[in-house]
Structure formats: C-alpha cells, structure tokens
Trainee: 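Provided herewith is a single structure, encoded as structure tokens, for subsequent inquiry.
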Amino acid sequence: MLLPLGNTVWQYDDATAIADGVSIDANNVWGAWTLSGARLTMQAITGDGTPAWSFSSFGSGNSGVAAAKGADRSGFMESNDVGNDFLQHGFRSTSNGTPDWSFPYPVSDPNLPASSRKVATSRDGSTIAAVVSDSVTQNSTLYVFDANTGTVKLMWTDPLRMDGVALTDDGSIALVTQDNKATLVDTSTGNILFSVAGSGAGNIFYPISGDGSVFAVGGFNFDVYAFNGTTYTQVIHFTRANFWFGGASTVSHDGSTVGTFGGNYTDGWLSGEVYLFDVASGNMLGSYPVSGTGIYQGTPIGAGSNDNGTVMAFASWGTEFHDWPEVMVFNRSVQLIGQIDFPGSAFSVDVRADGQYVVGGAKAVHANQFGDGGRIELIQLQASPTPTATATATPTATVTPTATAALTPRPTPTPRSRPTPPPRP
C-alpha cells in the first residue's frame, strides 16, 4: 500500500561506509560509498536493495558516481585514503564489477578528493566529464571522456579551482563550477562559451538544463540565466539576508523550473526554506520553510528534479531532533509529496527522469557526530499524491546513535565571498 508521502521500495545499509553519492537511471540505482569500505554499488530499482555487484580499487577513500538518465552508462571516480591516487572508470549495469575502461589521473590532492559533484555523465551516455585539482601546481583540470572507450577528448586547465561539473544531454557543453564562477565550456574545442561570477564560494554546485539553455548559480544569491538566442541573460535574481543557496539547487531537464534550498548560516543552519521558480515568467511558485533546534547543523546538501519540474527533491543533514525530513520531495505547487527520514544525515539525492522514484544516500548518524555506517533508500511516489504535511515539521524524539570515534564529524563549510580559492597546504 502506498503511504501518503511515498512508500519505501527498499533500504540498503552498510555498517562502515557512508553513502556519499547516489544516481538513478531508468532501471538502476548507483551508489558511491566513502571512507572505510569505499566502493561503487549497482542496485536494481525493482530489486530488494541487494547490490547486483560492487567495485573498488582501494577499499577505502572517497568516490563519486553519475549515471546517464537515458542510457545504460555510468561514470565512477575514486581516490584513495591519502589522496595521491585518482582513478576514473566507465561502467554499464552489465559490467558485473569490472570497469569497461579505466583512466589514472596524474594528480595528487588530499584536500579535494573524489566526489559525485566532480563527475557527470551525459543523458545520452556518450560523454563523461570530471574535474580534478592538483595540490602541486594548484591548477584544476576538466577532463572530457568518450564514455564508451575512455578516450580523453578534452583537457581544459585553469588556475581557478573547479568544484563541480554538469553536462548537457549530448555532452557538448560542460558547466564547470569554478569556486565562485560559472563557466560554460565547449567540450569539443575547450572554448569558453559564457562565464559569470557568482555570489560566493564553498559548498557549491551549479546545475544546467538538458539542452543547456538554462543554468543556475547559487551562493549568497540564487541567480538563473537563460539563453535568448544570442547570449545568456539573468532571468531570476533572489536573495535573502544570511541565507546560503550554494549547496542544494536544481534545474529541471526541460528548463521550465528551478529550485533551491537556502539555509540560514547565522543560526547554526537550524532554519531554511525551499523555493521553486518558473523560469519563463521569473515568478516564484512558492516556498516551504523549515526550522528546528539542537546543536547539529541542518545544512542543505543536494537536490534533484524529474524532467518537467513536477517532482523536485532536496537533501539536508537534518537537525539533532529531525525537525524536518532529511530528504523532502515537492510538486510544482511546493507541496510536500514525498520524504525520506534517515536516522542520520542525508548526503545526496536523485530523482528518476519520470519522477516516479526518488533515492537518497546518507550517513548512519548525523554529519556532526562521530560514527560510521550509511544507507541508500529508494522511495516510490504516488501517481496523484495528497499533501498531508505542514510547512514546519513537528520535532520527534532523538534517534540514539551508536557512536564511534572512527570518523571525523563534518562541519558545514563557511560560505566565502572572495573570488579566488584559499591557499592549500
């Protein structure tokens, strides 16, 4: 029986590793696990959550994954514990734990390890892109691969740090998050098609529509740019005092709808608000505020959308008392239509192209707590859900974790306004 806010299809728990990244295609969920037990897992949507297979070169460290929405292709990036070995792999669901191809990155950077924000796979499965930083030269490089063969089609290097990358449907344009700058790169030539300065840096990632006509830039402001036939112009500008919009923003595949989960960094990230906008008119569709108490930071950390913007999901670390769901799913009227209540902090979220399934990845305890273990959870939404939740959830009893000193708690990165990256040791 379907529950009012979606039903859990399956959960998959790991005793030591954290589900740092998740990506969903038409048939499968791909999970990137980090720290002890770091690896890639591939699970069928229609299964029971048991991985069909897994893969790791190192067994521990950091990893990131991005699956094609319209093809059977996934890019997996990993780095070892000490951050001196970075690898890129290409997989299909039928790869059975053996990469179709692998590429060793010639860099070493323990401060900027592999993550799911640093790898992208085009919707058609033709292209994989990734960004890596070099602690020796202090430069960052965008790599563009032929997803079928692993052939490097482009290397674009720049001294401004690259924090993330997104691709258009055919992989012809890469949107590179460069500290506080958004840069659109032609992946066949390396030419810069457009660039614009954002409003801050740190804990930041910029999304783009499937055809490349709309992209969003977060920070202290939330700005949306649309192509007018000649160039990109700003069509939405939104700001709110003491809010950070860099960590959880999304653009629908068709470019009709954008959303962001802003967090208040002055009250310990204990309040925030989800905002959805119509791109064509520039109007706000609505908002959904959340607030809580406790000593743990409820930092927004990820977002995803279905093709037409009628299902948008937002992930956060949640609060000490779980004052709002760690994954919240909204329709275009900004009504809560789905949720995932993790025992710990959500680190990632993704939505299937048709909006029927939402997947989240999490740590077993809050990000600010010592502890290990993680979970991937898949939920299925109702065809015509009836919202039943109020704008601010009622606090529930604290989940008591089994804490260890194995892992270091994650503080929220402090938003930065300066345009250049800080010096790295």
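None of the values given here were measured: they were computed from a predicted structure.
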Trainee: Are Gln11 and Asp13 linked by a side-chain donor-acceptor pair shorter than 3.5 Å?
Mentor: no

Trainee: Say whether, by atom type as modelled, one donor and one acceptor occur between the side chain of Glu326 and the main chain of Ala315 under 3.5 angstrom.
Mentor: no

Trainee: Are a donor atom and an acceptor atom from the side chains of Ser271 and Ser291 found within less than 3.5 Å of each other?
Mentor: no

Trainee: Main chain of Val65, side chain of Ser116: is a donor-acceptor contact present, judged purely on distance under 3.5 Å?
Mentor: yes

Trainee: Should Thr187 and Ile173 be marked as a side-chain contact (heavy atoms from CB on, under 4.5 Å) after you check the CA-CA gap, both sets of side-chain angles, and the distance that decides it?
Mentor: CA-CA 6 Å; Thr187 58; Ile173 299 174; 5.8 Å; no

Trainee: With ring centroids as reference points, do Phe227 and Phe194 lie under 6.0 angstrom apart?
Mentor: no

Trainee: Say whether Asp211 and His253, considering side chains only, have a donor N or O and an acceptor N or O under 3.5 Å apart.
Mentor: no

Trainee: Would you please test Trp244 and Phe220 for ring-ring contact (aromatic ring centres under 6.0 Å, His included) and show each step?
Mentor: CA-CA 5 Å; Trp244 180 252; Phe220 295 103; 4.8 Å; yes

Trainee: Would you tell me whether Tyr288 and Glu273 have side-chain atoms, one donor and one acceptor, within less than 3.5 Å of each other?
Mentor: no

Trainee: Assess, by modelled atom type and distance only, whether the side chains of Asn221 and Thr239 contain a donor and an acceptor separated by less than 3.5 Å.
Mentor: yes

Trainee: Would you tell me whether Asp72 and Ser93 have side-chain atoms, one donor and one acceptor, within less than 3.5 Å of each other?
Mentor: yes

Trainee: Any sub-3.5 Å donor-acceptor pair from Lys363's side-chain atoms to Gln369's backbone N or O?
Mentor: yes

Trainee: Can His366 and Gln297 be counted as having a side-chain donor-acceptor contact under 3.5 angstrom?
Mentor: no

Trainee: For Asp307 and Arg123, run salt bridge (Lys or Arg N to Asp or Glu O under 4.0 Å): C-alpha distance rounded to whole Å, both residues' side-chain angles, the deciding distance at 0.1 Å, then the answer.
Mentor: CA-CA 11 Å; Asp307 278 359; Arg123 187 184 181 96; 2.8 Å; yes

Trainee: After noting the C-alpha distance and the side-chain angles of Gln43 and Thr50, does the key distance pass the side-chain contact (heavy atoms from CB on, under 4.5 Å) rule?
Mentor: CA-CA 6 Å; Gln43 293 132 294; Thr50 303; over 6 Å; no

Trainee: Can you find a side-chain donor-acceptor pair between Arg161 and Asn180 that sits under 3.5 Å?
Mentor: no

Trainee: Without hydrogens or angle criteria, can the side chains of Ser23 and Asp25 be said to hold a donor-acceptor pair below 3.5 Å?
Mentor: no

Trainee: Set out, in order, the CA-CA distance, both residues' side-chain angles and the distance that settles ring-ring contact (aromatic ring centres under 6.0 Å, His included) for Phe55 and Phe91, then state yes or no.
Mentor: CA-CA 10 Å; Phe55 168 81; Phe91 285 95; 5.2 Å; yes

Trainee: Can you confirm whether the side chains of Ser95 and Asp100 place a donor and an acceptor under 3.5 Å from each other?
Mentor: yes

Trainee: Would you tell me whether Thr141 and Asn139 have side-chain atoms, one donor and one acceptor, within less than 3.5 Å of each other?
Mentor: no

Trainee: Say whether Gln178 and Asp158, considering side chains only, have a donor N or O and an acceptor N or O under 3.5 Å apart.
Mentor: yes

Trainee: For Leu193, is there any backbone N or O sitting under 3.5 Å from a side-chain donor or acceptor partner on Asn191?
Mentor: no

Trainee: Ignoring hydrogens and geometry beyond distance, is a side-chain donor-acceptor pair present between Thr34 and Asn62 at under 3.5 Å?
Mentor: yes

Trainee: Please check if any side-chain donor atom of Asn331 sits under 3.5 Å from a side-chain acceptor atom of Thr310, or the reverse.
Mentor: no

Trainee: Quick one: sort the Phe145 and Tyr143 rings into parallel, tilted or perpendicular, breaks at 30° and 60°.
Mentor: parallel

Trainee: Going through the checks in order, is the side-chain contact (heavy atoms from CB on, under 4.5 Å) test met by Val358 and Val349?
Mentor: CA-CA 7 Å; Val358 177; Val349 67; 3.9 Å; yes

Trainee: Answer yes if the ring centres of Phe215 and Tyr206 are under 6.0 angstrom apart, and no otherwise.
Mentor: no

Trainee: Please step through ring-ring contact (aromatic ring centres under 6.0 Å, His included) for the pair Phe238 and Phe222, ending with a clear verdict.
Mentor: CA-CA 5 Å; Phe238 180 75; Phe222 179 65; 7.7 Å; no

Trainee: For the residue pair Thr183 / Ser195, report whether a side-chain donor-acceptor contact shorter than 3.5 Å exists.
Mentor: no

Trainee: Determine whether Val217 and Tyr225 make a side-chain contact, defined as any pair of heavy atoms from C-beta on separated by less than 4.5 Å.
Mentor: yes

Trainee: Between Arg39 and Ser63, is any side-chain donor less than 3.5 angstrom from a side-chain acceptor?
Mentor: no

Trainee: Would you please say whether a donor-acceptor pair under 3.5 Å links the side chains of Thr8 and Glu377?
Mentor: yes

Trainee: Is it the case that Thr41 and Trp33 place a side-chain donor and acceptor less than 3.5 Å from each other?
Mentor: yes

